[in-house]
Amino acid sequence: MSRRRIGFWYRLAAVIAKPPLVLLFKRDWSGMENIPADGGFITAVNHNSYLDPLSYAHYQYNTGRVPRFLAKNGLFGKGFVGAVMRGTGQIPVYRETTNALDAFRAALDAIERGECVAFYPEGTLTRDPAMWPMTAKTGAARVALRTRCPVIPVAQWGANLAMPPYAKENKLRLLPRKTLQVKAGPPVDLSAYYDLEPTPEVLREVTETIMAAVTALLAEMRGEPAPATPYDPRTARLKQRRTGVRPQPPAPAVCESAPGQKSGENNQ
């Protein structure tokens, strides 16, 4: 796979972040052959821990196609954080715009320049009690239909065991040493939607198609079937209003890797 120019700031971030990741965690990576060698593309990634952006970025960095994450534009101001965000080519999301597609204009530009744009379609940490991907927002679908670029599903597991979401104590659980699993799948076939008007219904169907691919990868990784339908926080809130029963936050999952699966130490 060809390695594109990464740049000083991304290499600096890697120098800082990679040593503790290599030291503290095992890795089980697969599917790098599905990452395009050239041209712009989208990765759609599940989100189950505050730690998993580092886990995924480590994986993606080692493919030679560094990810451009979407982040709120307020992070791109003055100071060291702003300098790193700009220097590494991260993409500001302009939340104040009223047009949903205009909010991703920088992502469109990045893909046209041949970059990898990483989407967390769920928009936040999953609220599913079993840590499966929940219903997602349509941003990745909008950009995918506009650019017709490859959409690579990426599933990850393990960061949620080291730093469980919604835990009472927001701290790392390093022992026993956890395995950070990341797997990329083949591009999602969205060609059936390219000539359709991007109505809310079409965007929702495209989003569900993308997330189904991500969930299928995660099911392979975990060695167990996924729920028939994804968890929907809006439905849970409506149920709470009707019943008065407050939904419980997700409990930390207990399995580290799929049954019978050995953890790899590849591509440090």
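Applying the salt bridge (Lys or Arg N to Asp or Glu O under 4.0 Å) test to residues at least two apart or on different chains, the pairs with a partner in residues 179-196 are R148-D195, K183-E220. Within the structure, ring-ring contact (aromatic ring centres under 6.0 Å, His included) pairs that include any residue of residues 34-53 comprise H47-Y120 (at least two apart or interchain).
At least one side-chain heavy atom of W132 sits under 4.5 Å from a side-chain heavy atom of T215. Residues P165 and M131 have side chains in contact (heavy-atom distance under 4.5 Å, counting atoms from C-beta outward). You'll find the side chain of I35 reaches within 4.5 Å of the side chain of Q60, heavy atoms only. For the pair P186 and N34, the minimum side-chain heavy-atom distance is below 4.5 Å. The side-chain heavy atoms of M211 and P230, taken from C-beta on, include no pair separated by under 4.5 Å. The closest side-chain heavy-atom distance from T43 to Y59 is not below 4.5 Å. Residues W157 and T179 form no side-chain contact, since every pair of their non-hydrogen atoms from C-beta on lies 4.5 Å or further apart. For the pair K137 and F119, the minimum side-chain heavy-atom distance is 4.5 Å or more.
Under the 4.5 Å side-chain contact rule for hydrophobic residues, Y194 and L108 share a cluster. Both L125 and L172 are members of a single hydrophobic cluster when ILVMFWY side chains are connected at heavy-atom separations under 4.5 Å. Neither V214 nor L218 shares a network with the other; the hydrophobic side chains, linked directly or stepwise wherever heavy atoms of I, L, V, M, F, W or Y lie under 4.5 Å apart, form separate groups for each. Hydrophobic clustering of Ile, Leu, Val, Met, Phe, Trp and Tyr side chains at less than 4.5 Å, counting indirect connections, unites Y10 with V45. A continuous path of hydrophobic side-chain contacts links I16 to F8 [ILVMFWY only; heavy atoms under 4.5 Å].
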Step-by-step side-chain contact (heavy atoms from CB on, under 4.5 Å) determination, N62 to K18: CA-CA 10 Å; N62 277 38; K18 285 180 70 173; 3.3 Å; yes
What's the verdict on side-chain contact (heavy atoms from CB on, under 4.5 Å) for V182 and V154, showing C-alpha distance, side-chain angles and the deciding distance? CA-CA 7 Å; V182 187; V154 178; 3.7 Å; yes
Between N46 and E122, does the side-chain contact (heavy atoms from CB on, under 4.5 Å) criterion hold? Intermediate values first, please. CA-CA 7 Å; N46 68 305; E122 296 161 277; 3.8 Å; yes
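Here NZ of K178 is found 11.0 Å from CG of L24. Values are rounded to the nearest 0.5 Å. One finds the CE atom of M85 at 10.0 Å from the CD1 atom of I91 (value rounded to the nearest 0.5 Å). Y166 OH to R127 CZ: the interatomic distance, rounded to the nearest 0.5 Å, is 4.5 Å. Between the CD atom of Q156 and the CG atom of L51 there is a distance of 9.0 Å, given to the nearest 0.5 Å. Atom-to-atom distance recorded for L145:CG and L196:CG is 8.5 Å, nearest 0.5 angstrom. Distance check, rounded to the nearest 0.5 Å: CD of E205 to CD of E201 gives 10.0 Å.
Applying the side chain to side chain contact (heavy atoms under 4.5 Å, CB included) test between T138 and each of I210, T207, V206 identifies T207 as the sole match.
Across all non-hydrogen atoms, the minimal contact from R177 to K26 is NH1-CG, 3.2 Å. Residues Y61 and A14 come closest through the heavy atom pair CZ-CB, 3.6 Å. Taking all atoms of both residues into account, the shortest heavy-atom contact from P67 to A118 is CB-CB, 4.0 Å. The two residues G158 and N160 make their nearest non-hydrogen contact at N-OD1, 2.9 Å. Scanning all heavy atoms of the two residues, the minimum distance from P164 to R173 falls at CD-NH1, 3.3 Å. Residues S49 and A159 come closest through the heavy atom pair OG-O, 3.2 Å.
Take D232 and apply the side chain to side chain contact (heavy atoms under 4.5 Å, CB included) test, not counting sequence neighbours, and it matches T135, R234, T235. Under the rule for a side chain to side chain contact (heavy atoms under 4.5 Å, CB included), the partners of A83 that lie at least two apart in sequence or sit in another chain are W9, R86. Evaluation of the side chain to side chain contact (heavy atoms under 4.5 Å, CB included) rule for A144 yields I42, V151, L190 as partners, not counting sequence neighbours. Not counting sequence neighbours, the partners of A213 by the side chain to side chain contact (heavy atoms under 4.5 Å, CB included) test are P153, V188.
With hydrogens and angles disregarded, no donor-acceptor distance shorter than 3.5 Å links the side chain of R68 to the backbone of I111. Side-chain atoms of Q90 come within 3.5 Å of backbone N or O of T88 as a donor-acceptor pair.
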